[in-house]
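Read through the structure below, which is laid out as structure tokens, and then see the notes.
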Amino acid sequence: MKATVIATFFGVFLTCTYTAKEATKKTKKAKLYVPQIDCDVKAGKIINPEFIAKCPPGCQDVKYRVYGTDIYASFSSVCNAAIHSGIIDNTGGKILVQKVAGHSGYRGSFSNGVRSLSLPRWRESFLVSEGKPRKGVTYPTTLEYSSSKSTTVKSEPKKPEQDLKGMKSADTANTSEKALEQGDTVRKENQTTPVPTPATQMATTTPTPMTTTTDPSTTMPQPTKTPAATRTTAAAAKTRPGLHRVRDMGSSSVHPAYASVVAAAARQVQAAQGRGQNTAFRGTSTSASNSNILRHNTAMETDSWKPGLSLFDTGFSSKEELNPKPLEPISQGNQNCKVDLSFLMDGSWSIGKRRFQLQKRFLGNVAQALGIGSAGPLMGIVQYGDDPSTEFNLKTYANSKDLRNAIEKIQQKGGLSNVGKALSFVNKNFFLDANGNRGGAPNVVVVMVDGWPTDRVEEASRLARESGINIFFVTVEAAAQSEKQNVIEPNFVDKAVCRTSGFYSINVPSWFSLHKVVQPLVKRVCDTDRLACSKTCLNSADIGFVIDGSSSVGTGNFRTVLQFVANISKEFEISDTDTRIGAVQYTYEQRLEFSFDKHSTKQDVLNAIKRISYWSGGTSTGAAISYASEQLFSKSKPNKRKIMILITDGRSYDDVSMPAMAAHQNGVIAYSIGVAWAAPDELEAIASDPAKEHSFFVDEFDNLYRYVNQLIQNICTEFNSQPRN
């Protein structure tokens, strides 16, 4: 009996052990689900810092661009980068991607049938390797994208009452649920930081109360910092329900229906202060009446007025806010928005007199919202029709009040809607130093268009952008049926603005809706970090010339080389904030002729080039490249492209490949120009990849001029093909 029990127990033990082993085997054999990505997916679009993904077949295509070698800029196609690195081929497969820090330079190369491009710098990089999981790392089965194509599970949307938690004050219970929901919706649409509680708001920046205009919904506040005393009083006012009531019902603009009530409340506070009385409005029938009127009028405005801000964003909270401190002198302007701005005003007959008046009102409100001043934005206006003409330039008015008055006096000229002609006029005539152009401020043009232009805008707009002008289009309504037969470019906006067209164009369905775009337009115009089109191939680089001064060149040919250098330099916009020029001359030794920060005007640069004296000696090109990297490009500004243009007439006495490779890895884009006895293999080693686009050869010095335009065109082509941070 005992033996039977032992045998049974042993059998059960073996069965359990076998079952456990089988379960362990099954667990070990469980395969990781690998998400698939498309060929055009860029690493920067995927939020996960490390992931395994499967690439489909057919990603080896020039349209899926790759930037870098071994380590790639996150703007690159993930799958095509994997093909370039040799991890997979064009049939696809699994890859492991690891995000790393951004680099100051990415070297282009041709590998495994893929041409990668050079890139001076980018904010993030990534590495690709075989799609095998690393030990101890858990990989996602779904990838999280930074765009709308995210595959992550969506969370339940917050209820309005949850999102507004902590915002309730003593009078919130009397506020309609509809107003609360509207405030919540507006905040989400603006995608800004959640609106703080009233108590928090009173302790931070306080908007200045507005002056009522004929179109109150377009008027914008000019923010000013609340003095310390105001913040102290505001914090103390947290227990004053009456003040909360006035604050909560305030807005970024004062409606005529209750502007007088607010003014009366301000007078009450001042009078109470003079008598030394409490200013909380508690216990006064007048304050209760005023609060009820405010609440009633605000509720009436909820449906008809759709502001860009929540009802809780601005208003009054204490006696100091009702009686604000004086602003800074208006002539200084908004120093956070230093731009030189030109409005192209539609004066064609198709707009009509009434809509022309609406356009003037819109421009006046924009001027008010910008905060015109000598240290801030400056604004001029060009009216176009058959022919464009300047109404006033940048230096004519230095404050918003005078500018608005001048806008009101503009008379409609009439004619056709020749937008292309107007853009050409602005490009050639408006942004001149004599007209008030400040040089260091971005140049911005805002084009107002009613319907469709009657001429072509693409070419004129491109030339203007290449001159460093940011072009915004505000298109109102569409072409009427009778106008459609005259439409030349149906998609003129997409052709006219920078490639980030969603940022540079605003469409308004009606002239009567213009007031809604005042704030969005001002925000974009003042966002100087996003004005990528103000940096073109002509004003975005530090260009260093490395000039062969060896004995074989000779005095006469050396002067020809200097003329070649001058002809290239004068095509660029030169200043401290635009393109800068430097020069090195070399023989056996090297000499810094002038650095990037030496000359800040085009004429000074051209004069400095003329003063370079011929040295004469041997030819150590490799040492010259290293010297230029150390003395010129190591001092280049972070936001500038580093371009080296080397001119030589013979073979170097030292190695050029290693110094050139080091320069490339440091983000220097190298062009080599060889003359007469220059060695083709050295020219290719010096040049950035692809060498055929970065190296040139002429048989004699007198033919150097032939490559001036080609060289500039290649520099611009490369610039326009690169992404923007």
Side-chain angles (χ1 to χ4, degrees), residues 104-105 118-121 338 340 431 433 437-443 465-470 528-529 531-547 561-586 590-612 624-647 663-664 666-673 688 694 708 711-716 718-720 722 724-725:
S104 60
S118 298
L119 190 64
R121 62 193 306 111
K338 188 176 181 180
D340 289 342
F431 293 105
D433 293 346
N437 185 44
R438 291 173 288 184
N443 294 157
R465 294 200 313 272
E466 289 181 359
S467 297
I469 299 174
N470 294 272
T528 53
D529 290 337
L531 298 182
C533 292
S534 65
K535 288 298 178 188
T536 70
C537 58
L538 302 181
N539 65 355
S540 63
D542 282 343
I543 302 177
F545 291 94
V546 182
I547 305 168
V561 171
L562 293 185
Q563 185 61 56
F564 173 71
V565 171
N567 288 342
I568 294 173
S569 299
K570 69 182 182 181
E571 294 300 320
F572 290 84
E573 299 297 328
I574 297 173
S575 77
D576 288 334
T577 57
D578 295 313
T579 287
R580 304 185 303 171
I581 305 292
V584 167
Q585 185 182 175
Y586 74 94
Q590 307 84 34
R591 183 169 73 197
L592 179 64
E593 299 294 352
F594 54 90
S595 57
F596 291 134
D597 59 358
K598 183 69 173 177
H599 305 293
S600 58
T601 69
K602 186 177 296 187
Q603 193 57 52
D604 286 347
V605 167
L606 297 178
N607 291 338
I609 293 171
K610 290 180 182 178
R611 291 195 297 266
I612 297 176
I625 295 172
S626 297
Y627 180 86
S629 297
E630 175 66 26
Q631 297 299 319
L632 273 181
F633 295 107
S634 65
K635 299 174 176 62
S636 183
K637 289 185 178 181
N639 63 335
K640 299 289 186 182
R641 291 180 306 144
K642 296 180 282 189
I643 297 177
M644 179 175 69
I645 300 176
L646 186 144
I647 306 107
H664 298 163
N666 288 326
V668 176
I669 302 170
Y671 289 85
S672 58
I673 294 93
S688 293
H694 293 82
V708 171
L711 186 63
I712 294 171
Q713 181 180 337
N714 285 20
I715 290 173
C716 286
E718 184 170 52
F719 175 85
N720 290 326
Q722 291 175 351
R724 302 285 176 265
N725 273 301

If you look at every heavy atom in Ser688 and Ala670, which pair is closest and at what distance?
OG-N, 2.8 Å
Can you tell me how far apart OG (Ser600) and CD1 (Ile581) are? Round to the nearest 0.5 Å.
12.5 Å
Pairwise side-chain contact, Ile625 with Tyr586, heavy-atom cut-off 4.5 Å (strictly under):
no
Heavy-atom check, side chain of Ile715 versus side chain of Phe572, under 4.5 Å:
yes
Would you tell me whether Asn567 and Glu571 have side-chain atoms, one donor and one acceptor, within less than 3.5 Å of each other?
no
Separation between CZ (Arg641) and OG1 (Thr579), nearest 0.5 Å, reads 7.5 Å
More than 12 non-hydrogen atoms from neighbouring residues, nucleotides or ligands closer than 6.0 Å to NZ on Lys610, yes or no?
no
Applying ring-ring contact (aromatic ring centres under 6.0 Å, His included), can you list everything that pairs with His664, at least two apart in sequence or on another chain?
none
Tell me the closest heavy-atom pair linking Leu592 and Ala583, and the distance in Å.
CD1-O, 3.7 Å
Would you call Phe633 and Asn666 a side-chain contact if the rule is heavy atoms closer than 4.5 Å?
no
Let me confirm one number: the CG-CG distance from Asn443 to Asn470, rounded to the nearest 0.5 Å.
8.0 Å
Please verify the inter-ring angle class for His599 with Phe594; under 30° counts as parallel, over 60° as perpendicular, anything in between as tilted.
perpendicular
Side chain proximity check, Ile547 to Leu562, heavy atoms < 4.5 angstrom
yes
How far does CD1 of Ile643 sit from OG of Ser540, to the nearest 0.5 angstrom?
7.0 Å
Locate the shortest heavy-atom distance separating Gly582 from Leu632; write the atom from each residue and the value.
CA-CD2, 4.0 Å
Between Asp542 and Arg580, does any side-chain N to carboxylate O distance fall below 4.0 Å?
yes
Name all residues meeting the side chain to side chain donor-acceptor pair (under 3.5 Å) criterion together with Ser569; count only those two or more places apart in sequence or in a different chain, and write none if there are none.
none
Show the nearest heavy-atom pair for residues Asp433 and Asn437, with the distance to one decimal.
OD1-O, 3.7 Å
Tell me whether the count of non-hydrogen atoms from other residues, nucleotides or ligands lying under 6.0 Å of NZ in Lys602 goes above 12.
yes
Considering only heavy atoms from C-beta outward, does the side chain of Ile612 approach that of Gln585 to under 4.5 Å?
yes
Hey, could you give me the CG/CD1 distance between Asp604 and Ile609, rounded to the nearest 0.5 Å?
11.0 Å
Here the pair of heavy atoms bringing Glu630 nearest to Lys635 is O-NZ, 3.7 Å
Shortest non-hydrogen contact from Ile647 toward Phe545:
CD1-CD2, 4.3 Å
Could you tell me which residues satisfy side chain to side chain donor-acceptor pair (under 3.5 Å) with Gln590, sequence neighbours excluded, listed by chain and number?
none
Is there a side-chain contact between Met644 and Lys642, using heavy atoms and a 4.5 Å cut-off?
no
